[in-house]
Amino acid sequence: MTKDLIIQNIESLKSHTTINYGIKTKTEAFTEKLFYTLFDSNAPLNESIEELKQLFKEISVVACKKPKGTCDSIWEQYLEKLPAVLENLNRDALYILENDPASNSIEEVYLAYPGFYAIAIYRLSHELYLLDLLLFSRLMSEYAHRITGTDIHAGATIASPFFIDHATGIVIGETAVIEKNVKIYQGVTLGALSVSKDMKNTKRHPTVEKNTCIYANATILGGETIIGKNSIIGGNTWVTKSIPAKSMVTNTTTTEVKIKELK
Ligand SMILES: CC(=O)OC[C@H](N)C(=O)O
């Protein structure tokens with residue numbers, strides 16, 4: 001096959017989409033700039049906000065699926081939400097500091113906690129989701145997923161304060177609801193019990209009520225599953241049914257220890 005023919009084939013196979021990868025790199029730049037603007041004490045707010053506005057407009061031109069012109073004022077709507085988001089994030093950071101014996105200062109939480117980064121980008125992308133900028137919100141949350149290994153869908157509803165420790169391998173689905181004062185550890189899944197396309201727009205992921213702690217690698221599934229308030233879900237548990245308030249759920253699998261015989 002000649003090079004020209006190969007190019008022709010590739011072109012025809014690509015012709016069913018209009019993907020613009022620029023939107024991905026722009027969203028990544030926007031996310032970094034937004035985090036810096038909100039948390040770095042030296043960030044020049046006025047200038048930074050102007051730069052964010054420019055990037056936001058470039059991204060939303062491509063990401064907006066609404067009729068032409070409807071997305072023009074969306075930046076102003078997003079900007080208005082930022083003080084409240086920041087208030088929630090400051091509460092999250094304090095909660096992390098107060099609950100993690102390994103943390104030494106609030107600066108450490110803002111600068112070095114992947115769980116804090118994941119929650120921050122979730123809260124910032126959730127506002128895009130609520131404004132119906134679905135691709136923009138997905139690109140932002142996937143950026144945080146890539147950096148932290150924590151996959152929080154921008155559609156999830158998560159109250160503040162919320163604490164994720166170690167932030168690796170966590171999955172929180174689109175319709176999950178998490179009330180305030182919840183702590184989760186690495187590997188926790190709040191997922192769907194089964195997956196099929198016709199379940200779009202239905203509640204597929206669990207609700208976790210307030211003051212609950214979910215330890216490492218617990219898997220909690222199903223839209224009707226409610227973890228009652230003040231519960232503790234132990235590590236490596238598998239939960240597909242609702243749990244009453246004040247429950248302690250443990251995995252009773254035992255681990256055998258044998259002493260190796262020397263040969
Ligand atoms: C987190 C999870 O269960 O994902 C499964 C599927 N993507 C859904 O949203 O239902």
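Counting starts at 1 for both ligands and their atoms, following the listed order.
- The residue from Leu52, Leu133, Leu124 that alone fulfils the side-chain contact (heavy atoms from CB on, under 4.5 Å) condition with Tyr78 is Leu124.
- By the 4.0 Å N-to-carboxylate-O rule, Glu209 lies too far from Lys246 to be salt-bridged with it.
- Relative orientation of the His153 and Tyr129 rings is perpendicular, given thresholds of 30° and 60° on the angle between their planes.
- Classification of Glu256 and Lys258 as a salt-bridged pair holds, one side-chain N sitting under 4.0 Å from a carboxylate O.
- Residue-level proximity to ligand 1 for Val171 is carried by the side chain, the only part with a heavy atom below 4.0 angstrom.
- Among all heavy-atom pairs drawn from Ala156 and Gly173, the shortest one is CB-O, 3.5 Å.
- Among all protein heavy atoms, the one lying closest to atom 3 (O) of ligand 1 is Ala192 N, 2.7 Å.
- Residue contact check: Gly173 has heavy atoms under 4.0 Å from atoms 1 (C) of ligand 1.
- Remark: minimum distance from atom 5 (C) of ligand 1 to any protein heavy atom is reached at Val195 CG2, 3.8 Å.
- For ligand 1, the polar-atom distance check against Arg204 finds a nitrogen or oxygen pair separated by under 3.5 Å.
- Remark: minimum distance from atom 2 (C) of ligand 1 to any protein heavy atom is reached at His205 NE2, 3.5 Å.
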